[in-house]
Amino acid sequence: MNINVSKKLMRGLFISTLGLVTACSITVVSGCGKSAGTLSKSGEAHMDAMEYDLACADFEQAIKKNPDRAEYYISYGFALLGKGDIDNAIAQFDKAHSDKENDIVYENNKLAYRGRGIALIKALRYEEAETALASAAAISIKTDVDDDIKKYLALVYTVSGKYDEALQIYTEMLQRTPEDGALLSARGTVYAAKGDKEKATLDFENAIKVNPKELTNYFKEYEFYVSNGDNEAAKGVLERAAGIKGENSKDHFKEGILYYIQGDDDKAVTLMGEALKAGILEANYYLGRISSRQGDLEGAKVYYKRYQDAVNGNIGIAGWYDGMAECAIKEKDYEGALHYVQEGLVLTDVSFTKKFLYREVELYEEMNDYENALDVAGKYLKLYPDDNTMKKEFTFLNTRVVRKK
C-alpha cells in the first residue's frame, strides 16, 4: 500500500547546502474559535512563509483542541525546529509515536522517527539520529519520504565513518536514478573519505555532467583535489566554474563562495552582502572568513558570532570551528583554539579532518603536552601515512616523550 504524505508532513528539509534556519518574531494571535483542522492549515501556511513563531502557535492550539492527531505533533515538531528549539521538537516527535497497529499509525510513526532523526542531526547527536532513522526505514509501509529517510541515514553513516553502509544506500538509490547529481556528489564524498580517488573523481565529474550549472558540485570536487594536494586539478575545477552565472539569490551566494575561494574578496563581499539582505545568513560565516584573511580579527569574530546566533548555536559547518580556532591562535589562546578544533572534529567533515588533526598536534605542542601531541600524531599517520612532515614530527615527539619519562 502506498500512502501519499500530505505537504505538511513533508516538513523538515532544514539541512540544506546552506544550513540555514530563519526565525520570525511576530505577535501571536489566539486560535480561539477556530477548529483544529483550520489551525493546522494556518500553521502550514506560516511554515511556507517561514513564520515559525506563528506556525508553532497554530499547531499548539490545534493539539489542545485535538490531542489525538499525531500529524499535529509532527508538524509542531518541525515548526519548533524552524525556531531552533531542538529539545522541544524532539519531545513533539516522541509524542506522535503510538503502539497501536494499523496503517495510519505505521505511517505516522515512520514520519515521527524521521523528524526525530533530523532533529538529532541538527543537534549533532549522530548515534541517536542513526537509531531514529533506522527505525523509520524499518517500517515497511510506503510513503513519499522513503528516499529522504535513506539520504539522511546515509548522511549519518558518512559523518560516523560507516562508509560502506553509506555507499550501499547511495549505490542502491543511484541504480534507480543514475543521473541524480546530488546522489553522485554525495557518494563521491564517501569514496573520497575512504581514499578511493578514482571512484571519487568519477562521481564528482558525473555530478557536474548531470547538472553543469550547480556550483556546489564544483566546490566539492575542488575540495577533494585540494585535500589530495592536486592544486592544478583544483585550479582547473574553479576555472570551469567561473563562467557559470546564477539566476536567484542562492545562486549568487554560491558565486560569492566561488570568488571567496579564488581570493577575489571585493566581489565576494559584495555578493555576500546581497545574500544577507536576501536572508541567507550563512553569508556571515564567509564574511568572517574574509575578514580574518584580511587581518581584521575583531571583525571576523563579529561575523562568526552573528552566524552562531542565527543558527541558535547549532553549528554544522566545520569551517566555522576552523575559523574560530584561527582567531584564538592569533590571540595565543591555545586552549580555546584546541576546544574549537576538537569540536570541529566531532562533525567528522572529511574535508577538514586532516587540517584539524594537524592543528591539534601543533596546539598540544604549544601547550607542551607532548604525550597528547604524540597520540594525535599517531592517529594522523594512520589516516595519512604518506605525510613526511608528520612522520618527522612523530619521530621528534617520541624523543620528547621519552626524555620526559
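By convention here, the first residue in the shown sequence is residue 1.
Listed by chain and number, the residues in a side-chain contact (heavy atoms from CB on, under 4.5 Å) with K330 are S292, L297 (sequence neighbours excluded). For the salt bridge (charged side-chain N to carboxylate O under 4.0 Å, His left out) test, no residue two or more places apart in sequence or in another chain qualifies with D333. By the salt bridge (charged side-chain N to carboxylate O under 4.0 Å, His left out) test, D146 pairs with K110, sequence neighbours left out. Residues satisfying the salt bridge (charged side-chain N to carboxylate O under 4.0 Å, His left out) criterion with E331, sequence neighbours excluded, are K301. K355 is linked by a side-chain hydrogen bond (donor to acceptor under 3.5 Å, both in side chains) to D322, counting only residues two or more places apart in sequence or in another chain. Remark: D296 engages no residue in a salt bridge (charged side-chain N to carboxylate O under 4.0 Å, His left out) (not counting sequence neighbours). Applying the side-chain contact (heavy atoms from CB on, under 4.5 Å) test to V210 and every residue at least two apart in sequence or in another chain returns E179, L184. Shown here are the side-chain contact (heavy atoms from CB on, under 4.5 Å) partners of H252, two or more places apart in sequence or in another chain: E255, L271. Scanning for side-chain contact (heavy atoms from CB on, under 4.5 Å) contacts around E198 gives D196, with sequence neighbours left out.
Among residue pairs with one or both ends in residues 205-234, those qualifying as ring pair (Phe, Tyr, Trp, His ring centres under 6.0 Å) are F204-F224; sequence neighbours excluded. Residue pairs meeting the ring pair (Phe, Tyr, Trp, His ring centres under 6.0 Å) criterion with at least one member in residues 128-149: none, sequence neighbours excluded. Within the structure, every pair that satisfies the side chain to side chain donor-acceptor pair (under 3.5 Å) test and touches residues 229-241, not counting sequence neighbours, is listed here: E205-R240.
Electrostatic pairing of D58 and K41 does not count as a salt bridge here, judged by no charged N lying under 4.0 Å from a carboxylate O. In this structure, K162 pairs ionically with E130, as a charged nitrogen and a carboxylate oxygen lie closer than 4.0 Å. Electrostatic pairing of E214 and K220 does not count as a salt bridge here, judged by no charged N lying under 4.0 Å from a carboxylate O.
Side-chain N or O atoms of Y170 include none that pairs as donor or acceptor with a backbone N or O of A186 at under 3.5 Å.
Between the side chains of H97 and Y113, at least one donor N or O lies within less than 3.5 Å of an accepting N or O.
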